[in-house]
Every structure is written in C-alpha cells, then in structure tokens.
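Please read the structure below before turning to the comments.
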Amino acid sequence: MEQDPGKLDRILSKRTEVDPGSPFRTQAYRRREKGMNAKPIYKSPAGKKEIMALYDAVLARWPVPHEEIYIPTRHGDTFVISSGERTAPPLILLHGSASNAASWVADVAAYSAHFHVLAVDLPGEPGKSAENRPSWQELDFGEWLEDVLDGLRIEATALVGISQGGWTALRFATYRPERVSKLVVLAPAGIAPARTSFLLKAIFYSLLGSKGGEKMNQLVMGRQEMHPDAVRFMNTIMANFHGRLEKEYIFTDEELKRLTMPTLLIGGTEDALIPVEKITPRMEKLLPHFTAEIIPGMSHALVNLSEKIIPFLSA
C-alpha cells in the first residue's frame with residue numbers, strides 16, 4: 001500500500017510549526033543541534049574522500065541494476081540503494097557500525113531476485129547519509145527509519161540488520177511493530193551488553209592508529225574468510241573514521257515483548273563482540289514467534305547468509 005505522499009512533509013514540518021517556546025520544540029531542537037554540532041566523524045577531509053572513492057567503486061560494480069535515492073528525514077538526508085523489482089515485497093537492509101550499505105554487495109543479487117531491496121546508509125556512519133548522529137538512548141533511530149519508509153511510500157516491510165544495524169531494526173520494530181512483517185537480526189546489539197573483553201581491546205586499539213584499526217577488524221572477522229577488497233575497505237574506514245564509542249542501549253523486556261512478528265536470530269559461536277549465548281535465551285523467552293540459528297565457528301562478520309535468510313523471509 002502506498003503512503004500519502006504529503007505525509008513526510010507534514011512529519012518534517014512538525015519540528016518548525018510548533019510555538020518557539022514550547023517544550024516539544026525545545027527538546028526536538030536540542031536533540032537535533034546536539035547531533036549536528038558533534039565533532040566531525042571523519043579524521044580528515046582526505047580520509048573521507050578515500051572512503052567515498054572506495055564506496056563509489058563498489059556502486060560502479062553493483063551486481064544488479066540499481067537506483068540511488070536520497071530521502072529527507074527528521075535526522076538528516078538518508079542514502080538508499082534500491083535494487084530489484086519495485087512490485088516485489090520490500091526488504092530493508094541495515095548495515096553495522098563503521099560500515100555502509102556497500103557491505104551488502106555480495107548478497108544483494110540473491111535478495112533482489114525475490115524482493116525490492118533497499119540498502120540504507122545509517123546516519124553518522126561512513127556512508128552517504130547525513131553525518132549527524134541520532135541518539136542511541138532515545139527514539140531517534142525509530143523516528144529516522146519511520147521517515148525513510150514514509151519517504152519510500154512503504155507501509156510495512158521485512159527488516160534485515162547486522163550488529164548495530166540489528167539494533168536499529170530492533171529499535172524500529174519495537175517502536176512501530178505494525179510496520180514490520182518479518183525481522184532478521186544478525187549478531188544484534190541491544191539484547192545483552194557487549195563482551196567486556198572486546199570493549200577493553202577496542203579502547204586499546206583505538207590508541208594505535210591505522211594498525212589498531214586493522215587489529216580491530218581482525219578481532220571482528222575472527223577466522224572468517226573475507227574478500228580482500230572487503231578487508232581493504234574495512235581497514236580504510238578504520239584508519240579514517242571516528243567510530244561511535246558510546247554507551248549502548250539495552251532493550252527492556254517490555255519493549256522486546258512488542259516483537260510479535262516472525263523473528264530470526266543468526267549468530268556465531270566465535271563472536272568476539274556479541275554474547276549469543278546470552279541473547280538467544282532472552283529472545284526465546286520473550287518473543288512468541290522466534291527462531292535462532294547459531295553457526296559453529298562463525299565470528300561477528302556474518303556474511304554470505306542469504307541462503308539461510310531468504311527461505312525464512314519467503315515462508
């Protein structure tokens with residue numbers, strides 16, 4: 001079903017039509033200004049240029065025909081890569097932190113054969129969306145994805161998110177559950193705190209410059225084999241981008257109980273960041289239509305899994 005094309009304009013205008021002295025306006029603008037006035041997310045203009053050059057190179061060899069779209073939202077303009085037939089069921093792909101929608105390049109052809117695929121750049125990450133960083137502690141990312149769907153005129157959709165993208169999918173699905181038909185989260189943040197050992201190593205590696213960034217990527221990838229171009233892209237991002245080192249938001253039981261849609265969790269037994277052994281029983285207890293697939297020997301870099309995900313989404 002298509003959305004009212006004027007709905008997004010009305011949503012965006014809410015931030016400016018209220019009385020200048022109202023509490024709503026004050027809170028909204030403080031949140032917006034806090035994000036817009038944060039320190040630069042790139043370490044240098046040259047570093048940003050290097051990352052964007054690699055991103056453009058991936059887009060130039062995108063394996064299926066695609067369209068590049070910008071959607072205005074309350075939290076900044078958002079870049080979307082649209083692939084597949086527009087008449088097919090929609091599927092939103094949400095990448096992890098210190099990444100962008102190019103991370104789906106290996107799977108997008110498989111997804112596009114079944115769905116209208118919309119790979120979205122999260123704001124505040126090294127992609128083509130706005131560089132401001134919406135709050136993790138408030139409903140900002142729920143509002144943001146709501147605006148993206150409204151701009152795309154999508155009433156309800158399936159969501160697939162990895163790591164911080166999984167957290168973002170959970171934020172939206174708990175905020176607007178009626179707009180999520182199916183939910184797939186790969187090693188998501190927000191169900192259980194990240195491993196303390198990973199956080200301590202992340203802090204230490206952040207002090208070591210580009211070599212520390214490479215060490216961080218090795219920790220994330222584990223023994224998982226990655227394409228050399230993907231590793232180069234990841235290392236370039238880590239060398240030139242300021243990752244978000246903030247307190248993560250852990251969803252409450254009441255929030256997770258709103259996830260009544262079919263939900264699939266995929267995790268790896270050798271994930272250095274996300275404790276899947278704690279996530280699985282918590283979700284199993286709270287979600288009525290929950291399936292988990294924990295892959296032996298798999299790290300946090302959960303890639304090339306479309307063969308496991310498409311049957312779930314198509315059922």
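Fair warning: this is a prediction, and the values are worked out from it, not measured in the lab.
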Tell me whether the count of non-hydrogen atoms from other residues, nucleotides or ligands lying under 6.0 Å of [atom1] in [X] goes above 12.
X      : atom1 : value
Glu277 : CD    : yes
Glu307 : CD    : no
Lys49  : NZ    : no
Arg232 : CZ    : no

Do [X] and [Y] have side chains that get closer than 4.5 Å, going by heavy atoms?
X      : Y      : value
Leu145 : His75  : no
Ile191 : Val185 : no
Leu94  : Phe172 : no
Phe79  : Ile71  : no
Pro40  : His242 : no
Lys247 : Trp136 : no
Leu259 : Met261 : yes
Asp107 : Leu93  : no

task: List the steps and the verdict of side chain to side chain contact (heavy atoms under 4.5 Å, CB included) for Phe241 and Glu125.
output: CA-CA 8 Å; Phe241 175 75; Glu125 298 295 339; 3.6 Å; yes

Between [X] (side chain) and [Y] (backbone), is there a donor-acceptor pair under 3.5 Å?
X      : Y      : result
Arg171 : Phe251 : no
Ser103 : Asn100 : yes
Thr269 : Gly297 : yes
Ser181 : Ala158 : yes
Ser135 : Asp140 : no
Glu248 : Ala194 : yes
Thr157 : Pro90  : yes

- prompt: Which pair of non-hydrogen atoms, one from Tyr55 and one from Gly127, has the smallest distance, and what is that distance?
  reply: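 Heavy atoms only, the tightest pair is CE1-CA, 3.8 Å.
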
Tell me whether [Y] is reachable from [X] by hopping between hydrophobic residues (I, L, V, M, F, W, Y) whose side-chain heavy atoms are closer than 4.5 Å.
X      : Y      : result
Leu122 : Ile41  : no
Met234 : Met298 : no
Trp62  : Ile69  : no
Phe141 : Ile154 : yes
Leu91  : Leu186 : yes

- prompt: What class does the angle between the rings of Trp104 and Tyr111 fall in, given that below 30° is parallel, 30 to 60° is tilted and above 60° is perpendicular?
  reply: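 Perpendicular: the ring planes of Trp104 and Tyr111 meet at over 60°.
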
field: Residue of the set Val180, Leu149, Thr168, Val117 for which side-chain contact (heavy atoms from CB on, under 4.5 Å) holds with Ile92
entry: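 In the set Val180, Leu149, Thr168, Val117, the residue that makes a side-chain contact (heavy atoms from CB on, under 4.5 Å) with Ile92 is Leu149.
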
message: Exactly one of Leu170, Ile162, Val276 should register a side-chain contact (heavy atoms from CB on, under 4.5 Å) with Pro188. Which one does?
response: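 Between Pro188 and the candidates, side-chain contact (heavy atoms from CB on, under 4.5 Å) is satisfied uniquely by Leu170.
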
From Arg244, Lys39, Lys48, residue fulfilling salt bridge (charged side-chain N to carboxylate O under 4.0 Å, His left out) relative to Glu131: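 Going through the options one by one, the only one that passes is Lys48.
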
- request: Under the side chain to side chain contact (heavy atoms under 4.5 Å, CB included) rule, what do Glu146 and Arg179 come out as? Steps first, then yes or no, please.
  value: CA-CA 9 Å; Glu146 180 178 42; Arg179 300 192 69 172; 3.7 Å; yes

- prompt: NZ of Lys285 to NZ of Lys257: how many Å apart, nearest 0.5 Å?
  reply: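 Lys285 atom NZ to Lys257 atom NZ measures 8.0 Å (nearest 0.5 Å).
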
message: I need the Glu255 CD to Ile250 CD1 distance, nearest 0.5 Å.
response: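 Result: 10.5 Å between the selected atoms.
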
message: I'd like to know if Asp56 pairs up with Lys128 as an ion pair, taking the criterion as any Lys NZ or Arg NE/NH1/NH2 lying under 4.0 Å from an Asp or Glu carboxylate oxygen.
response: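 Yes, Asp56 and Lys128 are salt-bridged.
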
message: Under a 4.0 Å threshold between the charged nitrogen and the carboxylate oxygen, would Arg74 count as salt-bridged to Asp147?
response: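 So Asp147 pairs with Arg74 through a salt bridge.
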
message: One pair to check against side chain to side chain contact (heavy atoms under 4.5 Å, CB included): His114 and Leu313. What are the steps and the verdict?
response: CA-CA 10 Å; His114 302 270; Leu313 295 175; over 6 Å; no

